[in-house]
Structures are given as C-alpha cells and as structure tokens.
Amino acid sequence: MGSVLVREGSERRVWGTLTQLRFLSPHRGIVDPRYDGLELPTASTVPSENRDSIVAHGVLKRFSIFPRFLSVKAYQGLIRLLERHGYVLGDIEHPTANATCYLFAYDWRRDIAESAAGLARAVERVRSVAPGPERRVDLVAHSMGGLVARYFLRFGARDVLGTDPVPPPSWEGAAAVRHAILIGTPNRGSVEGFRAMLHGQRLLWRKVSPLTLFTFPSCYELLPAPDETVFLDADGLPVEADLYDADDWRRYGWSVYGPRTRARFHRACLAELGPDGERAFREKYREWDRFLAAMLARARRFHAALSRGIPPEPVEIELLGARCQATLARAILYRKSDRFVTATRSGERPRGMSRRRFRELTSLPGDGRVTAASLAMRPDPDAPDPPRVVWGCRSHDRLIDDETIAGAIIRILREP
C-alpha cells in the first residue's frame, strides 16, 4: 500500500489520506461502479482487463490522518536516508542525467506481473539518460515491491503467468540491474495477508473490507507458497486444506464466502438495487466464483515463476528484514458445531486452547507481518540463512528506521 492512489484525471486521493478514504462503504462500491472505492472490477478472469478509474500517483511519503496536522511516516525515511548520502531525487516520468534516485509508484491492488511491466518501462526511461557505458540501476524495494522487483529481474515486462507450466526465467530484467535490495519482502508469501482477506485490513478506526481485498489480484499472489503448511487442527497436526483450491474457500467460508460478509453484501445489494438486488447478488457470486478460481491458479503459477531456475541468479539478491517479533505463520482450522472456524487471532482459538499454546502453534519469528523464513526464502523455518541476509529488529513498516538495515542499504549501494 506504498503508493498514493488518485482518481484518473484529478489529484483527489482515494488512498494516502485517511479522511478522504471512501472504503467505509465498500459494498456500495461493488454494487455501484460509479462509487470510487478501492475495489477493482472482477468481471474478467484476466486481471489486466479489469480496469477502473484509479491510478498510482507517486510513492507514499507520509500517510495523512488529519491533513496538515497529523500524519505518519511511510517512505519518507528511506528517501531522506538516500538524500543524506548524496542521491539526487528525479522525476521517473521525465528522468534527467543529473538525477541519481527515482521513486517508482505502482497500483498495489493490481497483478504483480502488470506492476513489473511498469517497472521495466521506468527502468528503460532512466537508463536512456543515465551516464556511463553500463547504465545499470540499483533496486531498493520494500515488502510487495520486492516481489515486483524479483519478477522484473526474471521476466522483464513479459506476462508468463497465463501458461501452465510457466517457462524458465529469461532474466530479461537482470541485465539492467546491478544490486537488488529487498526489505521485508514476503518471498514465500504471508499468512498475515490471508488473515486480512478473512477479516479486512484495519487502519486506525477504518477498515478495508474483505470484499475489497478479494478483488485485488495482488492479494492472491501474496498468499503463502503452495508447499507451505498453513493449517493445523486443535492438536497441532496438519489439516488437508488447500489455499489454492476455490472449493476450499467456499467450504471453509473464507473471505467473501464467510456468513457475515455474505449477509452484509446481500443487504447492500437489496438496499442499493431494490427489486433487482437479489438477482445482482447471485450474479455477483457466480462472477466471483470464476474470478477466484482464475486468481488462485495464477497465484500458484506466480510462486512457481519465482522459484524456477535458482540457484544461482545473475543478480545477487540482498535480503534485509527482522526476526524479533512473533509473526503469524499458521492458522488453526477446526469445526465448531455446524461451521468451520479458521483461527488467525487468539480470540478465535478452539475452546480449551490457551493463548500461549495458540501462539506457539501459529507464530514464527519475523517482523510482525513477514516471517524470517519467508523473507529468507526458506521452505524449512529451521534451515540456515542464505549468505546475503541482514537482520535488524523493527516492525515491518519501520524496518528502514533500524540502524543496521539503513547501514546495510548504503553499504550495498556503495559496492562496485
């Protein structure tokens, strides 16, 4: 969520200022396309065809809570760090030879391959004016931005996720890159992302609805890797539930298939559309069934695309993160009377299970959002770290404030 989003043709923010956000009524946005909430259309199973009028408009430097009075840092700290060490900020849409640092903004709701294509175009613009014979760039990416960077390194601007199996990497983007620094990147996905799709993403007193997140292709690509053990029963034993099987989403009531979420959307359809609401409600769920199956298949291929052809990689991947906070890595899946419960929060745990036991079963070290194992690309949490990893100790959104991580960024950028 690190880019400002605006309505195309204007500078009115729909993301980046808390007081202007309109996703308090997300169900209205899905029922009425004229309502410019954060939801994306879901009519097509090809994500690039689902367009709306919202576009990225710069990297989010500070998130405004009350304009001119109260805001919190986003990427301002990283930008100032680079400027203190001599980098000159330029306009990525109109690069110049004297600029040495550019901010790449992308619509974080959309498919990661689509965002990587945008990065490829931006890199070529910068290289076209860069001095020197090699004209290679350094990439510094945080969180999901690291996945955009990794996909770009492997496939450049090509979308290879529509075929099964995915082809081996061509490393089209790697030729343009000297260093790739990934900060807090969920290389093997994030169970926190899945939890957000179940319950929504809270931002102070507001919340991005599960229905809104369901429409984002990127949310599916952030799910834990297909070979991860995500679900345990009340005894701590693995459960045969598949995050990449649309039938399991319906069976276990995940995201839009949860009884409460479904009921709220049903009421919204009836309130907005009157006599046509019931029909619209049923048609939307048939549309979502098709959309979900396509996005899960694409997300499975996304993980395959990032795991093929390693090691080695032509560009050394530098991994920076934290492993000092308990981070959600599992969910407890159990039956309660006539329904299933997917417990990702302590208050949802099975009867008789202590809070301590719940944390032991569901948590691993990380930064509060991304586990250390996911950052380090380790299928086995107990496996040794890769050679190019630096550990700090801050939360996911504050990693750049860690002196060890900030120092590592500058040290790596100064390497030949």
Side-chain angles (χ1 to χ4, degrees), residues 5 7-8 14-15 21-55 107-111 114 161-162 164 193-194 196-201 207-223 241-302 338-340 342:
L5 301 182
R7 191 174 182 88
E8 194 170 16
V14 294
W15 171 260
L21 297 182
R22 301 183 67 181
F23 54 71
L24 267 179
S25 303
H27 310 106
R28 178 181 169 189
I30 294 173
V31 176
D32 181 1
R34 296 170 298 179
Y35 187 85
D36 61 342
L38 291 177
E39 311 82 9
L40 281 167
T42 54
S44 175
T45 56
V46 179
S48 61
E49 296 177 355
N50 291 321
R51 314 302 305 186
D52 63 1
S53 61
I54 294 174
V55 296
D107 187 338
W108 36 264
R109 305 170 303 159
R110 305 198 63 83
D111 178 71
E114 183 179 330
L161 303 182
D164 196 5
F194 174 60
M197 293 190 76
L198 293 180
H199 303 293
Q201 181 68 50
K207 185 170 76 170
V208 184
S209 162
L211 279 89
T212 301
L213 297 174
F214 182 87
T215 70
F216 297 174
S218 61
C219 281
Y220 301 92
E221 293 161 331
L222 289 171
L223 292 173
D242 186 356
L243 266 178
Y244 293 84
D245 184 341
D247 288 337
D248 278 0
W249 284 63
R250 290 183 285 269
R251 178 180 301 114
Y252 298 119
W254 296 335
S255 190
V256 301
Y257 301 100
R260 287 186 179 180
T261 302
R262 190 181 178 99
R264 287 182 63 196
F265 181 60
H266 185 238
R267 289 195 297 270
C269 287
L270 296 178
E272 290 291 326
L273 302 176
D276 295 328
E278 187 66 34
R279 177 178 54 81
F281 170 77
R282 297 186 184 280
E283 287 180 354
K284 181 58 71 173
Y285 267 88
R286 284 193 290 269
E287 176 182 299
W288 283 344
D289 286 345
R290 296 189 296 270
F291 177 79
L292 173 64
M295 293 306 101
L296 292 176
R298 188 173 176 88
R300 184 187 290 274
R301 292 192 290 269
F302 175 77
D338 62 341
R339 64 185 180 93
F340 287 99
T342 304

Inset, instruction - Answer yes or no for R300 and Y220: cation-pi contact, defined as NZ/CZ to six-membered ring centre under 6.0 Å and angle to ring axis within 45°. - result: no

Legend entry - Distance in Å, E278 CD paired with E283 CD, rounded so as to fall on 0.5 Å steps: 11.0 Å

Inset, instruction - Identify the two heavy atoms, one from G162 and one from R298, that lie closest to each other, and give their separation to 0.1 Å. - result: N-NH1, 4.0 Å

Inset, instruction - Check whether any side-chain heavy atom of L38 sits under 4.5 Å from a side-chain heavy atom of L5, and report yes or no. - result: yes

Legend entry - Full working for side-chain hydrogen bond (donor to acceptor under 3.5 Å, both in side chains) between T42 and E287: CA-CA 7 Å; T42 54; E287 176 182 299; 2.5 Å; yes

Legend entry - R260: partners by side chain to side chain contact (heavy atoms under 4.5 Å, CB included), with sequence neighbours left out: none

Legend entry - Euclidean distance, Y244 OH relative to L296 CG, rounded to 0.5 Å: 8.0 Å

Inset, instruction - Look at the side chain of R51 and the backbone N and O of L40, then say whether any donor-acceptor pair between them is shorter than 3.5 Å. - result: no

Inset, instruction - Looking only at non-hydrogen atoms, find the nearest pair between T45 and A294 and report the distance. - result: CB-CB, 3.5 Å

Inset, instruction - State which residues pass side chain to side chain contact (heavy atoms under 4.5 Å, CB included) with R250; sequence neighbours excluded, sorted by chain then number. - result: A246, D247, Y257, D289

Inset, instruction - Please state whether the rings of W108 and F216 are parallel, tilted or perpendicular, taking 30° and 60° as the class boundaries. - result: perpendicular

Legend entry - Close side-chain approach of F265 to L211, heavy-atom, < 4.5 Å: yes

Inset, instruction - May I ask you to test the L222-F194 pair for a side-chain heavy-atom distance under 4.5 Å? - result: no

Legend entry - Non-hydrogen atoms of L213 and A196 that approach each other most closely: CD1-O, 3.2 Å

Legend entry - Approximate separation, where rounding is to 0.5 Å, of T215 OG1 and L292 CG: 12.5 Å

Legend entry - Side-chain (R339) to main-chain (G253) donor-acceptor, under 3.5 angstrom: no

Legend entry - Residues D52, R109; criterion salt bridge (Lys or Arg N to Asp or Glu O under 4.0 Å); working and verdict: CA-CA 11 Å; D52 63 1; R109 305 170 303 159; 2.8 Å; yes

Inset, instruction - Ignoring hydrogens and angles, tell me if any N or O in the side chain of Y285 forms a donor-acceptor pair with the backbone of V256 under 3.5 Å. - result: yes

Legend entry - S255 OG to H199 NE2 distance, which is reported to the nearest 0.5 Å: 10.5 Å

Inset, instruction - Begin from the C-alpha positions of I54 and W15 and carry the test side-chain contact (heavy atoms from CB on, under 4.5 Å) through to its verdict. - result: CA-CA 10 Å; I54 294 174; W15 171 260; over 6 Å; no

Inset, instruction - Enter the distance from F214:CZ to S209:OG here, rounded to the nearest 0.5 Å. - result: 11.5 Å

Inset, instruction - Classify the ring geometry between W249 and W254 as parallel (under 30°), tilted (30 to 60°) or perpendicular (over 60°). - result: perpendicular

Inset, instruction - Any chance you could lay out the side-chain contact (heavy atoms from CB on, under 4.5 Å) test for D107 and V55, step after step, and finish with the verdict? - result: CA-CA 6 Å; D107 187 338; V55 296; over 6 Å; no

Inset, instruction - With the side chain counted from C-beta on, respond yes when E221 and M295 share a heavy-atom pair under 4.5 Å apart, and no when they do not. - result: no

Inset, instruction - For residues P210 and M197, determine if any side-chain heavy atom of one lies less than 4.5 Å from a side-chain heavy atom of the other. - result: no

